Each structure stands twice: as structure tokens, then as C-alpha cells.
Amino acid sequence: MTGAKPPLVGAGATISKRDLLKAGGALTLAMLTGTARRAFAQQQWDVIVVGGGTAGMPTAIFAAERGARVLVVEKAPILGGTLDRSTGQIAAAGSVFQKEKGIKDSPDAHYEDIMRINGNTSDPALCRMLVDNAADTINWLAAHGFRALPEHPIKGGGHEPFTTERYLWGDGGGKAIFATMEPLFNKAVEAGQITVLTSTAVVDLVKSPAGAVLGVVCEDYDGKRLDLRARSTVLTSGGCAANPTMYHELHGTQLWTDMAYPFSQGDGINLGLSAGGYVRGGEHYAGLFNIVLKDKLVPSQPEGTLRTSPGRGRPIMEVFVNSRGERFVREDHPSIDHREKAVVKQPGQRFWAIFDEPILQVSPTIMRAFSREQMVEAFNNHPMFSKAKSLSELGVRAGVHPAALEQSLASYNQAIKKGAPDPLGRQERPMTISKPPFYAIRAQSWTIVSFAGLAVDGQLRVIKENGAAIPSLYAAGEVIGGGATTGNAYTNGMFVTPALTFGRLLGSKILPLA
Ligand SMILES: Cc1cc2nc3c(=O)[nH]c(=O)nc-3n(C[C@H](O)[C@H](O)[C@H](O)COP(=O)(O)OP(=O)(O)OC[C@H]3O[C@@H](n4cnc5c(N)ncnc54)[C@H](O)[C@@H]3O)c2cc1C
């Protein structure tokens with residue numbers, strides 16, 4: 001993920017005392033021995049940033065720009081966090097990319113769109129702070145070389161669209177954002193403003209008897225620990241979408257997929273709790289519409305997604321049923337949010353796409369990125385693909401109530417033959433599903449992000465349940481729970497945009513400096 005400069009030295013590296021002094025920012029805890037270690041521990045940093053990812057990098061860059069002495073402690077051997085895999089979709093009203101295309105927009109309109117999409121479930125103060133400052137974030141990236149794709153901004157892609165074109169991403173997704181921030185970060189490292197400890201985890205907070213956060217306890221891969229002190233500590237260590245146990249505890253739902261950044265273990269959530277903070281937002285959990293898993297053991301790697309978006313060139317030919325054999329949603333409902341919310345309510349948050357031989361033969365494959373030959377092969381050996389001579393046998397094989405499946409398909413076919421309206425209001429019904437063999441593909445609601453996280457106030461201070469701020473402890477990014485900003489929906493760009501923006505605000509304004 002990181003480029004050539006500066007080398008973020010791996011845990012096994014050794015350095016001389018002279019090199020250590022010169023290294024400035026490229027350290028691991030294991031490299032600090034003897035007097036160097038003692039000297040390091042005696043430093044009083046202005047800011048310790050816990051996690052050098054999407055939110056941590058701008059926090060450090062902007063604090064350093066204000067003259068702060070910043071220490072970034074990063075558990076992974078490299079910086080960037082989830083930006084290595086994130087699609088990096090961001091949104092703002094007033095970006096240079098809108099201006100280039102003459103698109104008129106306002107933070108108020110952005111705010112209203114967000115709240116319309118998620119049914120007023122974003123935290124109003126944080127959402128307001130986001131819309132008022134997001135354009136400066138994108139314009140900052142643009143000033144340092146970031147470019148949106150030529151056709152962007154757009155209204156929407158895979159999520160519920162905005163009413164205005166304000167949604168964009170760069171070539172390479174999250175990597176394009178990282179590539180823009182990395183040189184700025186490195187410059188501050190070279191100038192001695194930022195010091196980085198990689199392969200080093202923050203495992204505890206140093207607290208005063210009165211409960212103020214005085215710094216962090218770090219640990220390297222060999223278990224060596226060191227206490228470090230700072231005026232302010234910022235938790236930017238990401239969410240818990242790689243920790244199935246914590247994910248289930250905080251959201252009350254399984255973590256179906258194994259796709260988040262592996263270091264998204266919820267460490268920062270535990271750190272905040274240890275200082276008296278509390279968690280909110282699990283009730284905002286939202287699932288994406290469909291994924292076909294490789295395996296029935298979860299979390300599982302994904303096999304791929306089904307092409308189920310109406311109006312995208314492939315008519316929806318299949319019927320979707322739950323494990324009870326019932327249709328549960330208008331398959332071609334124009335709102336992706338509506339379809340997503342419907343599948344989350346089904347047993348096991350899953351459904352089966354049911355079709356027959358003529359559909360397999362004539363239709364573009366429903367499985368994105370699968371050829372017809374791969375589809376045929378999958379029906380012979382994939383645990384999520386079932387094939388049978390009759391619908392009742394298909395039900396038995398797939399795990400769908402056989403008689404109810406037969407009944408659902410009979411009603412669907414009958415309405416088509418009679419020219420009667422579909423009971424669920426479906427418009428696209430190109431053909432009946434009646435000629436064996438019959439096919440079922442099991443698809444799953446899924447996510448890659450945490451909605452629950454530490455409660456913060458309008459200054460991004462971690463707060464207790466009584467609303468009191470924990471002195472000197474701040475948080476940004478997914479550790480505050482995506483639900484705070486995205487609400488109960490996948491609101492375009494509402495994870496990466498707030499991570500970058502709140503990090504920037506912490507570094508540039510909010511964190512107190514001497
Ligand atoms: C595949 C995928 C696609 C996505 N696409 C989008 C999108 O298009 N738009 C959008 O808005 N959102 C998207 N998201 C979500 C978004 O990318 C993340 O919410 C966001 O990047 C998280 O930023 P962060 O700074 O909170 O965490 P991260 O970027 O993950 O950074 C956290 C850092 O903290 C480090 N860390 C963890 N624990 C410790 C510890 N104890 N001590 C020290 N360091 C620690 C980690 O190693 C990591 O480097 C996507 C997520 C995924 C997985």
C-alpha cells in the first residue's frame with residue numbers, strides 16, 4: 001500500500017542509535033532499545049493518533065501543519081488502513097468537480113438528501129458538520145492531485161441515488177485517496193512533525209486518577225510494551241467488521257462476509273470503553289442487497305453478486321423467495337434501499353433466485369462475472385447453487401420450503417398467463433418459470449462496515465452516557481460507528497467522507513495545541 005518514501009521499516013529491522021535519531025518517523029517499537037526507548041517514552045507528544053488509516057492520516061497531516069508534534073501508532077506494518085480495498089466513494093456539495101461541470105448544489109441540499117435516504121437516522125450534529133466541511137476535504141485532495149473519474153460527479157451508483165450529482169471517486173478507488181495523502185504525510189514525517197510507529201498496537205490508554213486520558217500503552221508483535229504520553233489522543237483505529245464476535249454483540253447480526261480490513265478488530269471501541277465511553281448505533285445496521293458466499297460457514301469469502309438492479313440492461317427474469325418459499329419483495333422495485341431492507345428481514349437474511357432452463361439459456365447470466373459455462377459448472381458443485389427436475393425437489397435441495405415454493409411459482413406463472421397484475425407490483429415479468437430443470441442460487445444480505453461505534457460529541461470528543469466528554473480523548477472514522485453519519489442506510493460516501501473530513505477537522509481546528 002505504501003510507496004517508496006519513507007520506508008516504514010518492518011518489525012524485524014534493527015537500527016543504530018544514529019540511524020534512530022535520523023529515522024525520525026520510520027520506527028517500530030522493536031527498534032527502540034535502551035536509552036532510545038527511555039528517551040522515546042519520556043517525550044510528551046501534542047497528539048497521539050491511534051491508527052494511520054483513512055481518518056488517522058488527515059488527522060496527523062493537518063495537526064502537523066499547525067506545528068503539532070504528532071505520533072501515529074499503527075498496528076499494521078503499513079499505513080492506509082481500509083483505503084487499500086475501499087471503493088473510496090465520497091460526496092460533497094461544493095466540490096471543484098461539481099464546479100467544473102457547472103453543477104449547483106448546497107450543504108443544505110446534501111443534508112436533506114442524506115436524511116431523506118436514511119429516514120432521518122444520521123446524528124444531526126455530525127451530519128451537519130459533515131455536509132458543511134466535506135467540500136473542503138475533496139477540494140484539498142483535488143489541490144494535491146486527486147482526480148474524480150471523468151464522468152463524475154454522479155447522483156448514485158450501487159446505492160440509493162442523490163437528487164444532485166455530488167457523488168464521486170477516483171481511478172483506483174480508495175487507493176487514489178491514499179496516493180494523494182501519502183506524499184503529504186511523508187513530507188511531514190521528513191520534516192520531523194510526524195513520527196510513525198508501525199507494527200505496533202495501542203492496547204490500553206494511560207489515564208489519570210480523575211479519568212483524563214494521558215496517552216497510550218503500545219505493544220509490538222513480540223509483546224514488548226511502552227507507555228507514551230500526549231496532550232490529546234485520537235482513536236482512528238477503524239471499526240469491527242473483521243471481528244465476528246464483536247460485530248454480533250454490537251449489531252445483533254452475523255458478520256456474513258470476510259472482506260473488511262483484517263485490522264478492523266474493534267480495538268479502538270474497547271479502548272474508548274475502557275476510558276468510560278459507550279457504544280451506540282448498532283440499531284442502524286443495514287445490509288447490502290445480495291452476495292453469493294463461497295461457503296456456508298460464515299464469515300465467508302464472497303463468490304460474487306447477482307445482477308439484480310432493474311433498469312441496468314439485464315431484465316430481471318427470476319423470482320426471489322425466502323426459506324419459507326415465499327416471495328417477499330417486488331424483485332424489480334426501483335429503490336435499492338427498499339430491496340435491501342426487505343432481505344434483512346428474512347430468515348437468515350437470505351433469499352434464493354429461482355429460474356428455469358429457458359432462462360438459463362436465453363438470459364445474460366444472473367451471476368455477475370460468471371459465464372454461462374461457469375454457471376452450469378456451479379450447478380454441479382457449488383454449495384450455493386442447486387438444480388432439480390421439479391420445484392419441490394429444488395426446494396429440498398436448496399433448503400426452501402418445497403410446497404410453498406411450488407405455490408409461489410404457480411401463482412407467479414398464473415398471473416403472467418392471465419395478464420393479471422403481479423401481487424407484489426412487479427413490472428418486469430418476461431416469461432413464466434415452468435420448464436425443468438429448475439435452478440436456485442442462494443444469495444445473502446451482507447456488509448463490510450460497522451454501524452456501531454463510540455459515542456462522540458460535536459467536537460469529536462469521546463463521551464460518557466451522561467454526555468460528559470472524556471478529557472483529551474477524541475475519535476473519528478469507523479470507530480465512531482458508520483451509523484452516526486450514514487444512518488440506517490448505505491448513504492453515498494458516508495463512511496470515507498466523514499473519516500477524511502473529521503480527521504481533517506480534528507487536525508486543523510479541534511485538537512488543542514499548546
Ligand atoms: C471493500 C470496502 C469498500 C468500501 N467502500 C466504501 C466507499 O466506497 N465509500 C465509503 O464511504 N465507505 C466505503 N467503505 C467503508 C470505508 O472505507 C471505511 O469505513 C473507512 O475507510 C474506515 O476508515 P477508518 O480510518 O475508520 O479505518 P481504517 O482506514 O481501517 O484505519 C484504521 C487503522 O487503524 C489501525 N489499527 C487498528 N487497531 C489498532 C490499534 N490497536 N493500534 C494501532 N492501530 C490500529 C488499522 O491497522 C488501520 O490502519 C468500504 C469498506 C470496505 C471494506
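For ligands, and for the atoms within them, numbers begin at 1 and follow the listed sequence. No experiment lies behind these values; they were computed from the predicted model shown. Index from 1, following the sequence.
- Less than 4.0 angstrom separates some heavy atom of T236 from each of these atoms of ligand 1: 31 (O), 32 (C), 33 (C), 34 (O).
- For E340 and S445, the side-chain atoms include no donor-acceptor pair closer than 3.5 Å.
- Between Y490 and the options I117, L288, N118, a side-chain contact (heavy atoms from CB on, under 4.5 Å) holds for only L288.
- Every atom of ligand 1 is numbered from 1 in the order shown, and the set under 4.0 Å from a heavy atom of V449 is 15 (C).
- Taking every heavy atom of V496 and a limit of under 4.0 angstrom, the matching atoms of ligand 1 come to 9 (N), 10 (C), 11 (O), 12 (N), 13 (C), 16 (C), 17 (O).
- Comparing heavy-atom distances from atom 25 (O) of ligand 1 across G477, A55, C218 singles out A55 as nearest.
- Ligand 1 has no N or O atom lying under 3.5 Å from any N or O atom of T497, backbone or side chain.
- With Y278 as the fixed residue, the side-chain contact (heavy atoms from CB on, under 4.5 Å) test singles out one of V462, L454, I463: I463.
- Partners of D337 according to the side chain to side chain donor-acceptor pair (under 3.5 Å) rule, which considers only residues two or more places apart in sequence or in another chain, are K341.
- Between D171 and R147 there is no salt bridge, since no side-chain nitrogen of the basic residue lies less than 4.0 Å from a carboxylate oxygen of the acidic one.
- Numbered from 1 in the order shown, with element, the atoms of ligand 1 that lie under 4.0 Å from a heavy atom of A201 read 42 (N).
- The contact set between ligand 1 and G493, taken as ligand atoms under 4.0 Å from a residue heavy atom, comprises 11 (O).
- Counting only N and O atoms by type, the side chains of E74 and T198 include no donor and acceptor under 3.5 Å apart.
- Heavy atoms from both the backbone and the side chain of F495 come within less than 4.0 Å of ligand 1.
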